[in-house]
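Below is one structure, written out as structure tokens; comments come after it.
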Amino acid sequence: MAHDIVLIQGDGIGPEVCASMVRIVDALGVQVNWVDAKAGMDALNNGFDQAMPEETIAKVKEIGCAIKGPTETPIGKGHVSANVTLRKKLQLFACVRPVKSVPGVKSRYDDVDLVIFRENTEGLYAGAETMVTADMAISMKTVTRAGSERIAKAAFEYAQKHGRKKVTAIHKANIMKQGDGLFLNTIKEVAKSYPSIEFDDSIVDATCMRLVQNPHQFDVMVLPNLYGDIASDLCAGLVGGLGIVPGANLSHDCAVFEAVHGSAPDIAGKGLANPSALLQSAVMMLNHLGEHEAGAKLQGALFSVLG
């Protein structure tokens with residue numbers, strides 16, 4: 001069976017790591033029709049008026065599966081982040097990032113194995129801001145019961161499917177009693193439907209300390225948007241950095257897999273870029289497509305090389 005997959009190469013080292021990923025996936029014998037699409041500075045430099053063109057969004061929506069390299073967004077020039085736009089337009093509400101120790105990659109811990117579920121469409125990170133006066137800006141944080149419920153269900157369903165033992169909700173409900181309180185209380189309600197999975201919660205600042213002290217006390221973590229953005233990078237640091245961890249953005253209809261590191265323009269075109277993070281994301285993509293044997297081969301080969 002041939003799979004249609006949208007390929008967004010992105011900027012900087014994006015085309016290089018994408019080319020490597022495509023060559024390796026094709027070598028696995030998986031039949032893929034790669035459908036090219038533009039985003040980031042690559043889109044703007046090719047005549048599109050947005051960093052995430054409507055044409056690209058339409059392709060991903062139609063096909064339902066995409067993989068992308070890192071993209072740049074011009075700072076202070078009025079262009080909205082390509083990633084944020086894609087997540088909003090396609091309602092990619094779950095950012096899933098497995099964080100697992102990799103053989104041969106030196107880090108402070110040898111056996112980290114946790115999964116982050118970050119709510120992807122609400123909260124402060126959604127970018128709802130306004131200038132009230134020249135000297136005052138307001139950033140608005142929106143939390144809904146529906147948004148909290150669907151990310152909670154995604155986390156618990158994943159835990160159940162993959163034999164995970166515990167889900168932890170991360171919040172700041174001790175201070176933000178309405179917004180984070182709604183997030184936490186909604187997850188508590190969802191947890192009642194999964195009695196075989198242990199549930200607890202942790203305040204976000206204490207969580208960061210606990211992760212550094214002993215990451216093994218966490219299994220599946222579910223977080224609001226901004227906390228998830230920060231904690232997922234912290235967790236990547238526990239296993240060697242953003243250059244080796246995968247990422248996926250999921251809705252009920254679409255899946256976008258991506259390298260979560262930056263575009264590294266300083267080394268672009270020099271043959272130095274390491275494709276490991278995108279290859280890890282390709283493993284997630286292959287498993288999502290039901291190509292489990294190919295996914296296992298790719299994971300095993302990558303770990304063998306790094307080891």
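For the numbers below, each heavy atom of this structure counts, side chains included, while hydrogens, waters and symmetry mates do not.
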Subject >> Candidate pair E54 and T56, rule side-chain hydrogen bond (donor to acceptor under 3.5 Å, both in side chains), full reasoning >> reply: CA-CA 5 Å; E54 289 293 335; T56 297; over 6 Å; no
Subject >> Modelled atom types, side-chain donor and acceptor of T144 and E122, under 3.5 Å >> reply: yes
Original post:
Between I5 and I67, is any pair of side-chain heavy atoms under 4.5 Å apart?
Top reply: yes
Original post:
L306, I24: one ILVMFWY side-chain cluster at the under-4.5 Å cut-off?
Top reply: yes
Original post:
Looking at side-chain heavy atoms only, is the closest gap between E129 and M140 below 4.5 Å?
Top reply: no
**OP:** Work out which heavy atom in V260 is nearest to a heavy atom in G247; give both atom names and the distance.
**Re:** CG1-CA, 4.0 Å
Subject >> Minimum-distance pair of heavy atoms, taken over all atoms of I116 and L114 >> reply: CG1-CD1, 4.1 Å
**OP:** Measure the acute angle between the ring planes of Y194 and F156, then classify it against the limits of 30° and 60° as parallel, tilted or perpendicular.
**Re:** parallel
Subject >> hydrophobic_cluster_shared for F117 and I203, side chain cutoff 4.5 Å >> reply: no
**OP:** Could you tell me whether the side chain of N185 reaches within less than 4.5 Å of the side chain of K188, counting heavy atoms only?
**Re:** yes
**OP:** Mark yes when over 12 heavy atoms from residues, nucleotides or ligands other than K166 sit less than 6.0 Å from its NZ; otherwise mark no.
**Re:** yes
Original post:
Going from NZ on K100 to SG on C235, what distance comes out if it is rounded to the nearest 0.5 angstrom?
Top reply: 14.5 Å
**OP:** Could you grab the distance from atom CD of E157 to atom CZ of R164, nearest 0.5 Å is fine?
**Re:** 15.5 Å
**OP:** Look up atom CD1 in I151 and atom CD1 in I187, then write down how far apart they are to the nearest 0.5 Å.
**Re:** 8.5 Å
**OP:** Under the side chain to side chain contact (heavy atoms under 4.5 Å, CB included) rule, what do S148 and E119 come out as? Steps first, then yes or no, please.
**Re:** CA-CA 7 Å; S148 302; E119 200 292 315; over 6 Å; no
Original post:
Can you find a heavy atom in the side chain of S251 that is under 4.5 Å from one in the side chain of C254?
Top reply: yes
Original post:
Do Q31 and D26 touch side chain to side chain, with heavy atoms closer than 4.5 Å?
Top reply: no
Original post:
Are F93 and H252 an aromatic pair by the rule of ring centers under 6.0 Å?
Top reply: yes
**OP:** Indicate yes or no: at least one non-hydrogen side-chain atom of V283 is less than 4.5 angstrom from one of P246.
**Re:** no
Subject >> side chain to side chain contact (heavy atoms under 4.5 Å, CB included) assessment of V105 paired with V239 >> reply: CA-CA 7 Å; V105 177; V239 297; over 6 Å; no
Subject >> Taking every non-hydrogen atom, the tightest pair across G10 and P15 >> reply: O-CD, 3.8 Å
Original post:
Under the 3.5 angstrom rule, does the side chain of D201 hit a backbone N or O of A169 as a donor-acceptor pair?
Top reply: no
Original post:
Just wondering, are more than 12 heavy atoms of other shown residues or ligands nearer than 6.0 Å to NZ in K141?
Top reply: yes
Original post:
Side-chain donor-acceptor pair under 3.5 Å between N83 and S81, yes or no?
Top reply: no
Original post:
Do T168 and D200 have side-chain atoms, one donor and one acceptor, less than 3.5 Å apart?
Top reply: yes
Original post:
Should V204 and H171 be marked as a side chain to side chain contact (heavy atoms under 4.5 Å, CB included) after you check the CA-CA gap, both sets of side-chain angles, and the distance that decides it?
Top reply: CA-CA 5 Å; V204 63; H171 61 91; over 6 Å; no
Original post:
Would you say I170 and V212 are hydrophobically clustered, going by side-chain heavy atoms of ILVMFWY under 4.5 Å?
Top reply: yes
**OP:** Would you give the length of the straight line joining atom CD1 of I13 to atom CG of D266, rounded to the nearest 0.5 angstrom?
**Re:** 9.0 Å
Subject >> Cationic N near anionic O, under 4.0 Å, R210 to D205 >> reply: no
Subject >> Heavy atoms from other residues, nucleotides or ligands near CE of M136 exceed 12 (cutoff 6.0 Å) >> reply: no
Original post:
Would Q280 and V245 count as a side chain to side chain contact (heavy atoms under 4.5 Å, CB included) if you check the C-alpha gap in whole Å, the side-chain angles of each, and the deciding distance to 0.1 Å?
Top reply: CA-CA 7 Å; Q280 291 263 58; V245 293; over 6 Å; no
Original post:
Any luck finding a side-chain donor-acceptor pair between D4 and W34 under 3.5 Å?
Top reply: no
Original post:
Without hydrogens or angle criteria, can the side chains of Y109 and N214 be said to hold a donor-acceptor pair below 3.5 Å?
Top reply: no
Original post:
So, T121 and R150: side-chain donor and acceptor under 3.5 Å apart, yes or no?
Top reply: yes
**OP:** Just do the side-chain hydrogen bond (donor to acceptor under 3.5 Å, both in side chains) check on N33 and H3 with the steps written out, would you?
**Re:** CA-CA 6 Å; N33 300 317; H3 302 281; over 6 Å; no
**OP:** Determine yes or no for a side-chain-to-main-chain donor-acceptor pair under 3.5 angstrom, with D11 supplying the side chain and M41 the backbone.
**Re:** yes
**OP:** Might you point out which heavy atoms bring L298 and A282 nearest each other, and give the distance in Å?
**Re:** CD2-CB, 4.0 Å
Subject >> Over all atoms of both residues, closest heavy-atom pair of G12 and E72 >> reply: N-OE2, 4.2 Å
Subject >> Side-chain (N46) to main-chain (D42) donor-acceptor, under 3.5 angstrom >> reply: yes
**OP:** Could you check if a side-chain atom of L279 sits within less than 4.5 angstrom of a side-chain atom of V17, using non-hydrogen atoms only?
**Re:** no
Subject >> I244 versus S276, closest heavy-atom pair with distance >> reply: CG2-CB, 4.3 Å
**OP:** Without swapping roles, check the side chain of T133 against the backbone of D135 for a donor-acceptor pair under 3.5 Å.
**Re:** yes
Original post:
S20 side chain to E16 main-chain N or O, any donor-acceptor pair under 3.5 Å?
Top reply: no
Original post:
Going by distance alone, is a donor N or O of one side chain under 3.5 Å from an acceptor N or O of the other, for S232 and R118?
Top reply: no
**OP:** With rounding to the nearest 0.5 Å, note down the distance linking CD in E258 to OG1 in T71.
**Re:** 8.0 Å
Original post:
When you measure from the side chain of H162 to the backbone N and O of Y158, does any donor-acceptor pair fall under 3.5 Å?
Top reply: yes
Original post:
So, S101 side chain and D110 main chain: donor-acceptor pair closer than 3.5 Å or not?
Top reply: yes
Subject >> Sub-4.5 Å side-chain heavy-atom contact between F48 and K38 >> reply: yes
Subject >> Gap separating the NZ atom of K297 from the OG atom of S304, nearest 0.5 angstrom >> reply: 14.5 Å
